[in-house]
Amino acid sequence: MSTVSLNGLSHAYENTVSPSVHPFNLFIDDGEFLVLYGPSGSGKSTILRMLHGLEAPRSGTILIDGVDVTHAAVNDRDVTLALESYALYPHMSVRDNLGFALRIDGLPAEEIASRVESVAEKIGLSSILDSVPGDLSPLQRQTIALARAIVREPKVLIMDEPVVNLVPEHQADTVRLIKDLQQDFGLTTLYATSNLEDAKILADRIAFLDHGRLIGVEEPEVAEALVASIADTDS
Ligand code: ADP
């Protein structure tokens, strides 16, 4: 459980004229679901990539639980990207899929078994731990992909437009699943989307981005009004 503090954070890609992200401040509280919302190119992925450690900021600092991780390596941050792809190992049991990253992290076998079983029980996957993903429904596979991130007990969960490539009938179910699991596990979460309806369902607060600028952070109830005012300013 963790807080995230982004202070004066900005970014520019090499050989580009204007910054991809202009300096901004944002504090995400312990257990909060913060949605980064804005059109394509507004800077959402770049912000997530800086938090993940894949892009170095041009200015500013990133604190997780008050610890400066601005220049920490990806593996030293406890930030996990969930649902990056739905590529579970199709012939490996659900149990082994869930434990895979923990084995790579070098955790002892008993610890892996107990974490996997406890998360599986909370999420209702216990009865399918010995099945293989290839035999399961798309929503069950999504659940496993999320559980795989949760079982790592990350300080911060990040998701970058995770439902955009799903067929429409699975999008709403997956958004609901993400919301339910985030609440059940109380994970501090940052989620990027350009879909306002998803943002409103998921978010405790929505951070509005436009052309690399953070223009406001609001609760979902006032989202429509803010979007309308941004559209007015842009036109
Ligand atoms: P979003 O996630 O909201 O679509 P991005 O963070 O991907 O936005 O992009 C922010 C800006 O940075 C855009 O202007 C985009 O064109 C630019 N950009 C993204 N990736 C690169 C890159 N690898 N090299 C140069 N410019 C990039």
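Remember, it's 1-based here, ligands and their atoms both numbered in the order they're listed.
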Just one of Leu157, Asp160, Ile178, Ile158 clears the side chain to side chain contact (heavy atoms under 4.5 Å, CB included) bar with Tyr191, so which one? Ile178
Just distance, no hydrogens or angles: give the donor-acceptor pairs under 3.5 Å from side chains in residues 34-44, sequence neighbours left out.
| from | atom 1 | to | atom 2 | distance (Å) |
| --- | --- | --- | --- | --- |
| Ser42 | OG | Pro39 | O | 2.7 |
| Lys44 | NZ | Gly38 | O | 2.8 |
| Lys44 | NZ | Pro39 | O | 3.0 |

Arg205/Glu32 salt bridge by N-O under 4.0 Å criterion: yes
Short N-O contact, Asp184 and Lys122, less than 4.0 angstrom: no
Students should find this: residues with any non-hydrogen atom under 4.0 Å from ligand 1. What is the answer? Tyr13, Thr16, Ser20, Pro39, Ser40, Gly41, Ser42, Gly43, Lys44, Ser45, Thr46
Knowing that exactly one of Arg49, Glu55, His22 qualifies, which makes a side-chain hydrogen bond (donor to acceptor under 3.5 Å, both in side chains) with His11? Glu55
Salt bridge check: are Lys200 and Glu221 linked by an N-O gap of less than 4.0 Å? no
